[in-house]
2 protein chains.
Amino acid sequence: MRISELARRSGVPVGTVKYYLREGLLPAGEPTAATQAQYGEDHVARLALIRALLGTGGLSISTARAVLAAVDDPALSPHDMIGAAHSALPTMAENERPDLSTAQAHLRRWEWQVHEDSPAVSSLAQGLLALQAAGFDTTDQMLDRYARAAHELGEQDVAEVPMDSPAEAVRYVVIGTLLLEPVLLALRRLAHEDVSARRLST
Amino acid sequence: MRISELARRSGVPVGTVKYYLREGLLPAGEPTAATQAQYGEDHVARLALIRALLGTGGLSISTARAVLAAVDDPALSPHDMIGAAHSALPTMAENERPDLSTAQAHLRRWEWQVHEDSPAVSSLAQGLLALQAAGFDTTDQMLDRYARAAHELGEQDVAEVPMDSPAEAVRYVVIGTLLLEPVLLALRRLAHEDVSARRLST
DNA sequence: CATTATTAGACAGCTTAACTTTCTAACTAC
DNA sequence: GTAGTTAGAAAGTTAAGCTGTCTAATAATG
């Protein structure tokens with residue numbers, strides 16, 4: 001199909017499709033002449049993924065480019081894949097250098113085997129710092145609850161990664177990690193509502 | 001203190017402090033003359049909260065204004081407070097009107113008592129839609145896991161809300177809901193890392 | 001074959017958000 | 001009295017994510 005049909009099928013304006021091509025998010029079509037190219041079903045699917053990452057996933061263009069590059073990359077070992085996927089994932093601005101010691105102390109307490117300089121450690125540190133700055137006291141007990149819940153989810157998540165195809169595994173990890181996040185947050189808010197409603201009615 | 005000291009103490013540039021005053025995020029100081037005003041410790045604390053909401057919380061100025069208005073509001077019943085806090089919380093763009101039926105079916109399955117038109121239902125629906133659009137099949141079993149984890153967290157969260165002071169309760173709910181979200185996501189990613197590392201080493 | 005529509009690629013322009021700078025008239029501190 | 005500070009308003013800045021315009025080439029149609 002040509003670009004106008006691709007745009008129609010995907011619901012993305014032609015100008016925006018061209019923009020994604022320029023930005024390297026969408027692979028170029030098969031050129032048939034100097035001013036013509038053919039696009040396929042994979043382009044339609046890729047556009048849906050791009051919109052999901054940019055919209056629901058909340059990624060910037062440059063982060064999405066990195067994530068998609070990881071998805072496209074035929075990766076190495078399963079563990080390396082998860083690492084590569086995670087390091088392509090968005091985190092906070094790098095110029096921020098929060099104090100990692102508190103976060104690392106918690107991780108040691110839980111005996112989690114993670115790299116000390118993993119980007120998620122910085123995210124955790126920054127999150128804890130923001131809570132503190134906002135005057136919200138976090139007890140170890142509360143963080144332990146969150147860590148336990150997160151670890152249970154993570155265990156099942158990893159168990160469900162399809163290990164047969166490396167490419168499929170990376171795709172699963174990247175999309176599952178990123179796009180399940182808004183779902184988890186929405187569920188937590190709905191759970192708050194439910195618990196609060198039950199307390200009121202009893 | 002005067003504005004330059006407030007700026008120094010909070011680490012926020014004077015121009016930005018003025019901007020937050022203009023935008024109604026920071027209450028005005030006590031005016032001592034036509035071109036002079038006094039600020040106090042509460043202004044320093046408020047600035048820290050504003051930066052946490054805008055930075056780590058990822059809120060826009062206008063959403064932060066709504067959230068802070070909820071924090072300032074001496075609210076009603078505990079349940080209403082949680083509702084008010086949640087409706088002030090950021091969600092997706094309102095112009096999007098995703099199909100809520102799938103999300104509502106899940107909520108009925110879990111027998112959660114939530115408003116059908118709660119903003120979090122739209123977020124959930126949109127999240128599920130994004131997963132589907134990205135070609136990630138979500139099983140009921142997987143969503144049940146996430147729902148159970150979210151509900152356990154939510155139960156404990158609500159139990160810890162200080163019910164003595166309404167103002168303090170709203171503040172706790174708003175900040176706790178918003179600023180624990182990045183912490184939860186960071187923990188989930190670290191759990192992925194840990195689980196993956198353990199699988200590799202055994 | 002002639003006419004009309006479409007396209008790739010380059011580039012400039014637009015819109016919004018979050019600041020940041022500049023300005024003026026008033027103050028304050030020494 | 002003189003140098004520095006401030007409130008408030010308004011204009012300017014920067015970055016992200018598109019969106020519109022243009023040109024030469026190609027395709028579709030009668």
Side-chain angles (χ1 to χ4, degrees), chain A residues 1-40 43 46-68 90 92-96, chain B residues 1-40 43 46-47 49-68 90-96:
Chain A
M1 77 191 82
R2 302 197 293 182
I3 199 173
S4 57
E5 191 182 347
L6 175 62
R8 195 178 45 69
R9 290 265 315 269
S10 61
V12 178
V14 171
T16 307
V17 173
K18 286 187 176 185
Y19 172 62
Y20 293 156
L21 286 166
R22 264 202 311 286
E23 291 296 326
L25 304 186
L26 186 67
E30 192 65 28
T32 62
T35 66
Q36 224 80 30
Q38 284 290 318
Y39 304 90
H43 287 91
R46 177 65 161 236
L47 269 175
L49 175 56
I50 291 172
R51 296 297 270 205
L53 293 180
L54 295 182
T56 308
L59 302 199
S60 68
I61 296 287
S62 69
T63 310
R65 179 169 38 233
V67 168
L68 289 168
M92 10 154 289
E94 335 187 343
N95 49 358
E96 316 253 350
Chain B
M1 75 191 84
R2 302 197 293 183
I3 200 171
S4 57
E5 191 182 347
L6 175 62
R8 195 180 43 71
R9 290 264 316 268
S10 61
V12 178
V14 172
T16 307
V17 173
K18 286 186 175 185
Y19 172 64
Y20 293 156
L21 285 166
R22 264 201 314 285
E23 291 295 327
L25 304 186
L26 187 67
E30 192 66 28
T32 62
T35 67
Q36 225 79 28
Q38 284 291 316
Y39 304 89
H43 287 92
R46 178 66 161 236
L47 270 175
L49 176 56
I50 291 171
R51 296 297 271 206
L53 293 181
L54 295 182
T56 308
L59 302 199
S60 68
I61 296 286
S62 67
T63 309
R65 178 167 40 231
V67 168
L68 289 168
T91 54
M92 10 154 289
E94 330 187 346
N95 51 357
E96 315 253 349

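Order of the sequence lines sets the chain letters (A, B, ...), proteins ahead of strands, with each chain counted from 1.
Distance A:Arg65 CZ to D:dG17 C1': 12 Å, rounded to the nearest Å. A:Gln38 has its CD atom 12 Å from the C1' atom of C:dT6, to the nearest Å. Regarding A:Lys18, its NZ atom lies at a distance of 17 Å from the C1' atom of D:dG17, rounded to whole Å. Note: NE2 (A:His43) to P (C:dT7) measures 15 Å, nearest angstrom. Whole-Å rounding puts the A:Glu30 CD to D:dT26 P distance at 16 Å. Taking atom CG on A:Leu26 and atom P on C:dG9, their separation rounds to 12 Å, with Å as the unit. With rounding to whole Å, A:Leu6 atom CG is found 14 Å from C:dT6 atom C1'. To the nearest angstrom, C1' of D:dA7 lies 10 Å from CG of B:Leu21.
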Return a single string for nucleotides 25-30 of chain C, one symbol per nucleotide in 5' to 3' order, where B is base contact, S is sugar-phosphate-only contact and - is none, cutoff 4.0 angstrom on heavy atoms. -BSS--

Once each nucleotide of nucleotides 13-19 of chain C is scored for protein heavy atoms under 4.0 Å, what B/S/- sequence comes out, 5' to 3'? -----BB

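For the helix from C:dC1-D:dG30 to C:dC30-D:dG1, the angle separating the two terminal helix axes comes to 0°, with each axis derived from five pairs and the value rounded to 10°.
With rounding to the nearest 0.5 angstrom, the CZ atom of B:Arg2 is 7.5 Å from the CD atom of B:Gln38.
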Pairs under 3.5 angstrom only: tabulate donor-acceptor contacts from the side chains of residues 3-26 of chain B to other protein residues two or more places apart or in another chain.
| unit_1 | atom_1 | unit_2 | atom_2 | d |
| --- | --- | --- | --- | --- |
| B:Arg9 | NH1 | B:Glu41 | OE2 | 3.1 |
| B:Arg9 | NH2 | B:Glu41 | OE1 | 2.8 |
| B:Arg9 | NH2 | B:Glu41 | OE2 | 3.4 |
| B:Ser10 | OG | B:Leu6 | O | 2.7 |
| B:Ser10 | OG | B:Ala7 | O | 3.4 |
| B:Ser10 | OG | B:Val12 | N | 3.4 |
| B:Tyr20 | OH | B:Arg51 | NH1 | 2.9 |
| B:Glu23 | OE1 | B:Arg65 | NH1 | 3.2 |

Using a 3.5 Å cut-off and no angle test, enumerate the donor-acceptor pairs between side-chain atoms of residues 28-35 of chain B and protein atoms at least two apart in sequence or in another chain.
none

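Distance from the side chain of B:Ser4 is smallest to D:dT5 among C:dA8, D:dT5, C:dT7.
Summarising the geometry of B:His43 relative to B:Pro27, their closest heavy-atom pair is NE2-O, 3.1 Å, with the distance given to 0.1 Å. The two residues B:Leu54 and B:Ala64 come nearest to each other via the heavy atoms CD2-CB, 3.8 Å.
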Between protein and nucleic acid, restricted to nucleotides 1-5 of chain C and to nitrogen or oxygen atoms under 3.5 Å apart, what atom pairs and distances do you find?
none

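Both B:Val14 and A:Pro13 sit near DNA chain D, but only B:Val14 has its closest nucleotide nearer the 5' end.
Inter-residue side-chain proximity for A:Leu53 and A:Thr63 is flagged as unmet; no heavy-atom pair is nearer than 4.5 Å.
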